[in-house]
Each structure stands twice: as structure tokens, then as C-alpha cells.
Amino acid sequence: MDIIESDRKIPTRRRVLAGITALGASSVLGFPALARGAGEFRSFNMVNKRTGEWLKTVYWVEGSYIPEAMDAINTVMRDWRQDEKIQIDRRTIDIISAAHNLLDCQEPFELVSGYRSPTTNAALRRKSRGVARNSYHMRGMAADLKLQTRSVQQIAAAGRALRAGGVGKYSRSSFVHFDSGPVRDWGR
């Protein structure tokens with residue numbers, strides 16, 4: 001698998017924590033639960049098995065998003081069918097990161113579906129009633145994810161604990177949907 005990383009040097013946890021201690025913790029999110037789950041810096045760990053790409057990076061430090069890391073996230077989460085990418089909503093990335101931290105695992109999230117172009121979304125809708133016509137996936141605001149070491153129920157519980165967006169359980173397909181839309185949940 002290829003490892004996608006930004007060109008920018010990724011700080012070590014010790015360096016980040018030392019910097020935050022020296023400067024004082026900054027208030028960065030409107031969602032207290034998200035801030036609690038995301039930690040002092042924010043990291044992203046995901047594999048896209050459809051493309052063979054894997055990304056493990058720090059994407060936010062001291063109140064700032066790292067542009068190169070954000071671009072790498074947009075690439076990993078692109079519509080692989082059309083090879084199109086857009087800017088993934090920062091809140092969605094923060095939700096993914098915070099949920100991963102709450103699950104306390106080293107394993108990367110496996111991306112089932114990230115950004116979907118309108119063409120891809122329409123094609124998937126023709127095959128399945130479960131695909132929304134105005135899906136948040138088409139706006140870069142959603143991701144369908146799974147972990148081999150955690151159940152759908154565990155992943156969904158982490159997402160619900162954040163109270164920061166939509167959480168859908170798809171137990172038959174073994175994935176959880178996270179989005180940065182209104183707080184709600186569904187599925188079994």
C-alpha cells in the first residue's frame with residue numbers, strides 16, 4: 001500500500017504537547033464532546049482498500065489545520081470511481097478523528113465510502129434504496145467506515161457520544177455512517 005503524507009514535517013506527540021503546555025490549551029471547537037474526543041492535537045488514520053491508499057497523519061495543531069494534511073485527506077476520501085476529489089468538511093474530519101480516539105485503537109478506519117460525485121451517487125441509488133438522493137457524501141460531509149477490531153455498535157456509540165452529527169448503523173454491511181449534518185441516529 002502507498003502511504004500518503006504531507007510534505008510538512010509531522011510533529012511528534014511530545015513536541016506538540018510541550019508546545020501546547022507552553023502556550024496554554026486553546027479553545028477550538030464549538031462541540032465540547034468533540035474537543036474532549038479529539039485531544040490536544042488531531043490525527044487521522046484511514047485506509048482506502050479500493051485504492052490501496054493509507055494515510056496516518058496529524059492534520060491539526062495549536063488551532064490550525066495543516067493544509068498539506070488536509071489535501072492528503074481529500075485525496076484518500078475522493079470518489080475513486082470518478083477519480084474526483086473535493087474539500088472534505090473539516091467537521092466531518094474532526095468527527096472521524098474524535099470517534100477514533102474514543103474507540104482507543106491503533107487500527108486505521110477502513111473507508112467504505114467518502115466523497116461521492118453526483119454521477120456516482122445516482123448510480124448507487126439505482127442499485128440500492130439505502131442511498132439518499134441528496135446524500136451528505138456529495139458535499140464531502142460524510143463517511144462510511146468500519147474497523148475489524150470494533151463492532152458496528154461500538155463505532156456508532158463513539159459517534160453518538162460526540163453529539164456532533166449523524167450516525168447511522170449498517171450492521172448487515174458492517175459499517176457506520178458519520179456525517180456533519182444535524183445530530184441524529186438511525187439503523188440497527
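Keep in mind it's a predicted model, so treat the numbers as computed, not measured.
In this structure, Ser128 contributes its side chain and Gly130 its backbone to a donor-acceptor pair below 3.5 Å. His100 places a side-chain N or O within 3.5 Å of a backbone atom of Glu107 that can act as its donor or acceptor partner. One N or O on the side chain of Thr92 and one on the backbone of Met141 form a donor-acceptor pair closer than 3.5 Å. In this structure, Arg125 contributes its side chain and Val131 its backbone to a donor-acceptor pair below 3.5 Å. Judged by distance alone, the side chain of Asp179 and the main-chain N or O of Gly166 form a donor-acceptor pair under 3.5 Å. The backbone N or O of Gln154 sits less than 3.5 Å from a side-chain atom of Ser151, completing a donor-acceptor pair. Checking side-chain atoms of Asp144 against main-chain N and O of Leu111 turns up no donor-acceptor pair under 3.5 Å. Arg150 places a side-chain N or O within 3.5 Å of a backbone atom of Asp104 that can act as its donor or acceptor partner. With hydrogens and angles disregarded, no donor-acceptor distance shorter than 3.5 Å links the side chain of Arg50 to the backbone of Asn48.
With no hydrogens or angles considered, no side-chain donor-acceptor pair links Arg188 and Tyr170 at under 3.5 Å. Side-chain polar atoms of Gln82 and Ser117 form no donor-acceptor pair below 3.5 angstrom.
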Arg42 and Asp94: CA distance, side-chain angles, deciding distance, side chain to side chain contact (heavy atoms under 4.5 Å, CB included) verdict = CA-CA 8 Å; Arg42 299 181 196 156; Asp94 290 339; 3.2 Å; yes
Let me see the working for Lys85 and Asp71 under salt bridge (Lys or Arg N to Asp or Glu O under 4.0 Å), right down to the final yes or no.
-> CA-CA 9 Å; Lys85 73 178 184 178; Asp71 188 56; 3.0 Å; yes
Derivation and outcome, side chain to side chain contact (heavy atoms under 4.5 Å, CB included), residues Ser180 and Ile95 = CA-CA 8 Å; Ser180 55; Ile95 290 166; 4.1 Å; yes
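Looking at heavy atoms from C-beta onward, Phe109 lies out of side-chain contact with Asn45 at the 4.5 angstrom threshold. Looking only at side-chain heavy atoms (C-beta outward), Tyr59 and Ile93 come within less than 4.5 Å of each other. Within the 4.5 Å cutoff, side-chain heavy atoms of Thr51 are placed close to those of Arg78. Two residues are said to be in side-chain contact when any heavy atoms from C-beta on lie closer than 4.5 Å; Ile96 and Met46 meet this criterion.
Nearest heavy-atom pair across Ser97 and Ser43 is OG-O, 2.8 Å. Closest approach of Val176 and Ala156 over heavy atoms only: CG2-N, 3.9 Å. The heavy-atom pair separating Thr57 from Ala69 by the smallest distance is OG1-CB, 3.9 Å. Heavy atoms only, all atoms of each residue included: Ser135 and Asn121 are closest at CB-OD1, 3.5 Å.
In this structure, the separation between NZ on Lys169 and CZ on Phe175 is 13.5 Å, given to the nearest 0.5 Å. In this structure, CZ in Arg139 is found 12.5 Å from CZ in Arg116, a value given to the nearest 0.5 Å. Rounding to the nearest 0.5 Å places CD of Glu53 at 12.0 Å from CH2 of Trp80. Expressed to the nearest 0.5 Å, how far OH of Tyr65 lies from CD1 of Ile73 amounts to 9.5 Å. The structure places CD1 of Ile155 at 4.0 Å from CG of Leu147, a figure rounded to the nearest 0.5 Å.
Separation of the His137 and Tyr115 ring centroids does not fall under the 6.0 Å cut-off.
Within 6.0 Å of CD in Gln153 there are more than 12 heavy atoms belonging to other residues, nucleotides or ligands.
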